[in-house]
Amino acid sequence: MTDETAKMILNGQEYELPVMKATAGPDVIDIRKLYAQSDAFTFDPGFTSTASCESDLTFIDGGKGVLLHRGYPIGQLAEQATFMETAYLLLNASLPTQNELDGFNHTITNHTMLHEQLAKFFSGFRRDAHPMAIMCGVVGALSAFYHDSTDINDPEHRKISSHRLIAKMPTIAAMAYKYSMGQPFVYPDNSLSYTGNFLRMTFGVPAEEYVVDPVVERAMDRIFILHADHEQNASTSTVRLAGSSGANPFACIAAGIACLWGPAHGGANEAALNMLHEIGTVDRIPEYIARAKDKNDPFRLMGFGHRVYKNYDPRATVMQKTAAEVLEKLGVSDPIFDVAKELEQIALNDPYFVEKKLYPNVDFYSGVILSAIGFPTEMFTALFALARTVGWVAQWNEMISDPGQKIGRPRQLYTGPTERDFVPINQR
Ligand code: CMC
């Protein structure tokens, strides 16, 4: 709290509201007692002006294009850390020592296998099922298998279930891919890194030895870092809301996966690459820019714009650089990358995008890299879910450990009919 207060006048009555101090970013007006004192609610659908919790995990300055995890800039983490180091940082608040990192890697590695019975779930899905449909179902089903870590009031249970989720997501995502391809599941190889293991489970086949390409491994690891956490976005808020009722962590993460799937959120990476393919050639860009600006056309430039960033998304900066590196190192020449770069340039110089401060976001270039690596577009959002599980789990732990935590229960502005008497059916 600060000494500062905000004053509100309603129906001639003045209310004094405490102000809470942020270490960075806007301070917050505490309205928790407002309803009890004034009998009024606040109205903020989409939470554009509402802080839903206190958090010391991730900070975003959308105006400046800054993203920090526990204070460390995302660019530095993407360049210098591994995904496992980033995961440790998010979960434990400080960067690990070598010993701590070795211990963490060992723990995660020990949880990579799935209960064999769970593998049977996959055959219940159609082969053409979207991987996100499979992920929602299978991750939710984990609660039926790991009862020994679902007591949310026990910190040790929370830790084990967090590690299980982080460890098993690559196995589940790779199995979803294998199932769609009609190929046998590849079991984890715990001698490999987190990301190397995922690549092998995805692209390896039992008939041949799979050798992890270090270029691909590093690029994939970097993509995971860039997606690890992002403050109180829609899916994270979903995880927190689901968790606020005391639901078990597997169910909460399944809820987060469901929310992430939407094209305005994690589904945008798939939609962005589909859009780039639809545009196809540089000469067709103006047509799509015109459509994006047309109020009567629902089309939007996918991978562009962000609720919080009103500047270049710092993750997009790393992603664009990584895309160029990966294509060069893999010797892939993808005309879609040229379309993406040209589209970006045209949009960034167009008054519509300039005035509305619409810049490329994390999803604009990720699809170019992922398809160069060999992933089909339907897998893109599943990869986002895999990486974001770290953030979801860290945020969920933070929420449960907060003594001030309450069930999330928003109110509404009611605009329906006032009370009236029921009319029997023969009199209507
Ligand atoms: N193309 C064209 N116009 C746009 C776009 C776009 N991509 N994004 C926003 N606008 C316009 C929008 O029409 C509105 O115009 P007006 O003020 O004239 O009505 C204005 O910009 C503000 O947009 P908004 O929808 O009110 O902003 P929002 O904060 O509610 O939405 C967003 C943010 C990310 C949903 C939106 O920018 C969007 O739909 N972008 C495309 C989808 C996308 O790339 N999503 C990934 C986000 S980053 C990764 C993640 O979060 O998962």
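The structure presented is a predicted model; accordingly, all values stated were derived computationally and were not measured. Position 1 is the first residue of the sequence, and the numbers go up from there. Just follow the structure's listing: the first ligand is 1, and inside any ligand the first atom is 1.
A cation-pi arrangement, defined by a distance under 6.0 Å to the six-membered ring centre and an angle within 45 degrees of its axis, is present between Arg291 and Phe299.
Listed by number with element, the atoms of ligand 1 under 4.0 Å from a non-hydrogen atom of Ala292 are 2 (C). In summary, the atoms of ligand 1 found under 4.0 Å from a heavy atom of Ala268, numbered by their order in the structure, are 43 (C), 44 (O), 45 (N), 46 (C). Short contacts between ligand 1 and Lys356, defined as distances under 4.0 Å to a heavy atom of the residue, involve ligand atoms 11 (C), 15 (O), 16 (P), 17 (O), 18 (O), 20 (C), 21 (O). If you number the atoms of ligand 1 from 1 as listed, the ones under 4.0 Å from a heavy atom of Asp363 come out as 46 (C), 48 (S), 49 (C). Within ligand 1, counting atoms from 1 as listed, the ones closer than 4.0 Å to a heavy atom of Phe384 are 52 (O). Listed by number with element, the atoms of ligand 1 under 4.0 angstrom from any heavy atom of Met302 are 42 (C), 44 (O). Distances below 4.0 Å separate heavy atoms of Gly303 from the following atoms of ligand 1: 43 (C), 44 (O). Close contacts between ligand 1 and Gly266 involve ligand atoms 52 (O) [criterion: under 4.0 Å to a heavy atom].
Atom CZ of Arg126 has 12 or fewer heavy atoms from other residues, nucleotides or ligands within 6.0 Å. Ile29 CD1: 12 or fewer foreign heavy atoms inside a 6.0 Å radius. Surrounding OH of Tyr187 are at most 12 heavy atoms belonging to other residues, nucleotides or ligands under 6.0 Å away.
With Tyr309 as reference, Leu67 is the one residue of Leu67, Val66, Asn361 to meet the side-chain contact (heavy atoms from CB on, under 4.5 Å) rule.
Annotation: the span from His157 atom NE2 to Arg164 atom CZ amounts to 9.0 Å, rounded to 0.5 Å. To the nearest 0.5 Å, atom OG of residue Ser366 and atom CZ of residue Phe384 are 8.5 Å apart. Within the model, atoms CE of Met379 and CG of Leu386 stand 8.0 Å from one another, a figure rounded to the nearest 0.5 Å. The distance from atom CE of Met201 to atom CE of Met175, rounded to the nearest 0.5 Å, is 9.0 Å.
For the residue pair Thr5 and Glu16, a side-chain donor N or O sits within less than 3.5 Å of a side-chain acceptor on the partner.
Under the 30°/60° scheme for interplanar angles, the aromatic rings of Tyr88 and Phe104 are found to stand perpendicular. Ring pair Phe224/Phe83 is tilted by interplanar angle, where 30° to 60° counts as tilted. Using a 30° and 60° split on the angle between ring planes, Phe198 and Phe375 fall in the parallel class, below 30°.
Of the protein's non-hydrogen atoms, the one nearest atom 40 (N) of ligand 1 is Phe304 O, 2.9 Å. Shortest contact from atom 30 (O) of ligand 1 to any protein heavy atom: Arg307 NH2, 3.0 Å. Atom 34 (C) of ligand 1 has as its closest protein heavy atom Gly305 O, 3.7 Å. The nearest heavy-atom contact from the protein to atom 48 (S) of ligand 1 is His306 CD2, 3.4 Å. Here the heavy atom of the protein found nearest to atom 38 (C) of ligand 1 is Arg300 NH1, 3.3 Å. If you check which protein heavy atom lies closest to atom 47 (C) of ligand 1, you get Asn361 ND2, 3.6 Å. Summary of contacts: the protein heavy atom closest to atom 1 (N) of ligand 1 is Leu301 N, 3.1 Å.
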Verdict with reasoning, Phe250 to Phe145, per ring-ring contact (aromatic ring centres under 6.0 Å, His included): CA-CA 10 Å; Phe250 303 107; Phe145 287 81; 9.9 Å; no

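A heavy-atom separation below 4.0 Å is not found between Asn233 and ligand 1. Ligand 1 has Tyr352 within reach: a non-hydrogen atom of the residue lies less than 4.0 Å from it. The closest approach between Lys295 and ligand 1 falls below 4.0 Å for a heavy atom of the residue.
Proximity of Leu358 to ligand 1, defined as any heavy-atom pair under 4.0 Å, is confined to the side chain (atoms from C-beta onward). At a 4.0 Å heavy-atom cut-off, ligand 1 does not touch Phe364 at all. Looking at His265 against ligand 1, both its backbone and its side chain come within 4.0 Å, counting heavy atoms.
Using a 4.0 Å threshold on non-hydrogen atoms, atom 42 (C) of ligand 1 counts as touching the protein. Within the 4.0 angstrom cut-off, atom 13 (O) of ligand 1 has one or more protein heavy-atom neighbours. There is a protein heavy atom closer than 4.0 angstrom to atom 28 (P) of ligand 1.
Remark: ligand 1 and Ala264 share an N or O pair separated by less than 3.5 Å (distance only, no angle test).
The six-membered or imidazole ring of Phe125 lies away from that of Tyr179, with a centre-to-centre distance of 6.0 Å or more.
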